[in-house]
Amino acid sequence: MSYKSTEFSNDFIARAETYLEQVKPVAEASLWKPKYHLSAPANWLSDPNGFSRFKGEYHMFYQHHPYGPTWGNMYWGHMKSRDLVNWQHMPIALAPDQNYDKDGCFSGSAVEKDGKLYLLYTGNVWTGSDWTRDLLQVQCAAVSEDGVTFTKLPQNPLISAAPSGDIHPNHFRDPKVWRQGQYYYFVLGSRSRSDRGQALLYRSTDLLNWEFVSVLAQGDERLGYMWECPDLFAVDDKHVLIISPEGMAPEGDLYHNKSQSGYLVGQFDEERGKFEHDDFYLLDYGFNFYAPQTTLDEQGRRVLIGWMSMWDDEKPEAADQWAGMMTIPRVLMLRGNQVLSTPHPELSQLRGTHIAHTGVTLKNEVTLTGIRGNCLELGMTIRAQEGSVFGLKFGCSEDGTEETVLTFDGREGKLILDRTRSGQGPGGIRKAPVQLKDGRLVLRIFIDQSCAEIFVGDGEQTMSARFYPSDTSDGIVLFGDGLAVLEQLGKWEMNSCWL
Ligand code: FRU
């Protein structure tokens, strides 16, 4: 396959940037556009890509359709930050301008080599009209010296076909690369010929010539027909494999989203190219969390950002010429074989005005002075008797018709997030298994115009939701059965993350 000049690429990018400039004012004026969660300047954003640290700056690329608030021909949008807190938009990094990626620069990752930033991504080409079957996916790379302008390698595609064996020839995407000893490795999303999700392992010494090592891990029939966006990394003396399986069937309260994202904890055996692991657990029990990607921060913490949306969900923000946002950066740690997710500590830099309350019995409905808003962080500790039921409503309208309800039900041992009366957009209920610890529930809740992210305790559970309230629905109401006491509540207004 031939290689076209970078001018051609720049033309694609310049045209897309010009178009984005035109529609940006509409997106920026949107009531629902987040202030401290990452979203595209306008139009479509999905998977985080190429999340990395290069020359002292964090880079976040993303699946981007610059020409509409719907999924389409994928570009790589780009933003960067010195601290994971304050961000700036950068020019589009990759455009689908080559014959091997003409129908999309699909998801991938980044790694530094010899002072240059390499992006590894999947080139997608439709070969017929059935997009579930008629596709050719190849693995490609682009390189940059300055972290701004990227040039696709003349050797592309670096891998032009899936390996033989029990590997679907077409669904073959999303390389997540890392350096280990003398090798670069990547894991790749795959499905078997009998429709099991699996991750493939490749290695290289130069980032150009890649050798297929093994099927690193394969799911059973519970774990869907395809694993998208795998990510493998070490934590302490174990490894975590994050996967985004398509096609898992609901089980009780679990797996009610279109697709899931979760993790397997185990040991990566580099010699054998195998990953022996424990069971699958969700990374987030809410409605909107998919295709997350991790990198290491300056202090060696494993940081994850996910796409806070979901395939096929109605996205009312599309009417305002944008769609999709990221979660806040979450720090991952292991306790035994459980992954804990907590808000990145540096995010507290965005905190503004603070209001606190202490010692309030949660009986019936309680409103507290100064506790309202739709761009804020709430921290709460609630002491409760066994079996007590209490919670919090946010995005509440004065007349009580709109509200999003978070209930801790001590009888069920569940935290329940209810969007039935949230406003526009999809409704539904999600439940996460949660227990009181030392008789208390500790919550941190991040609300940002059209999203909420909920963190429980030391990061044992998270729940995320998009919701679409009217502009006056910014009330917050606590409630309870009288068996719970709000020991403390802190509310911080949050400032914008954009420089
Ligand atoms: C995950 C995903 C990836 C693919 C990309 C295309 O959301 O389906 O597997 O590379 O999105 O936009």
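Read the numbers this way: they start at 1 and go in the same order the structure lists the ligands and their atoms. Small disclaimer: the values here were computed from a predicted structure and weren't measured.
Residue contact check: Asp174 has heavy atoms under 4.0 Å from atoms 3 (C), 4 (C), 9 (O), 10 (O) of ligand 1. Residue contact check: Ser107 has heavy atoms under 4.0 Å from atoms 5 (C), 10 (O) of ligand 1. Residue contact check: Met74 has heavy atoms under 4.0 Å from atoms 12 (O) of ligand 1. Distances below 4.0 Å separate heavy atoms of Tyr290 from the following atoms of ligand 1: 1 (C), 7 (O).
Any N or O atom pair closer than 3.5 Å counts here, and Trp307 shares no such pair with ligand 1.
Nearest protein heavy-atom contact of atom 8 (O) of ligand 1 is Glu228 OE2, 2.8 Å. From the protein, the heavy atom lying nearest to atom 6 (C) of ligand 1 is Gln63 OE1, 3.2 Å.
Comparing Asp47, Asn49, Asn124, Asn73 by heavy-atom distance to atom 2 (C) of ligand 1, the nearest is Asp47.
Classification of the Tyr468-Trp32 ring pair by plane angle, with boundaries at 30° and 60°, yields perpendicular.
Put simply, no part of Thr122 is less than 4.0 Å from ligand 1, judged by heavy atoms.
Using a cut-off of 4.0 Å between Lys/Arg side-chain N and Asp/Glu carboxylate O, Glu221 and Arg196 are scored as salt-bridged.
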Let me see the working for Thr462 and Arg330 under side chain to side chain donor-acceptor pair (under 3.5 Å), right down to the final yes or no. CA-CA 10 Å; Thr462 64; Arg330 302 175 175 185; 3.2 Å; yes
Check the pair Arg179 / Glu112 against salt bridge (charged side-chain N to carboxylate O under 4.0 Å, His left out), numbers first and verdict last. CA-CA 9 Å; Arg179 174 86 194 259; Glu112 183 176 345; over 6 Å; no
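More than 12 heavy atoms of other residues, nucleotides or ligands shown are found within 6.0 angstrom of CD on Glu314.
Between Phe467 and Phe287, the ring center distance fails the sub-6.0 Å criterion.
Of the candidates Phe106, Phe150, Phe51, Phe150 is the only one forming a ring-ring contact (aromatic ring centres under 6.0 Å, His included) with Phe61.
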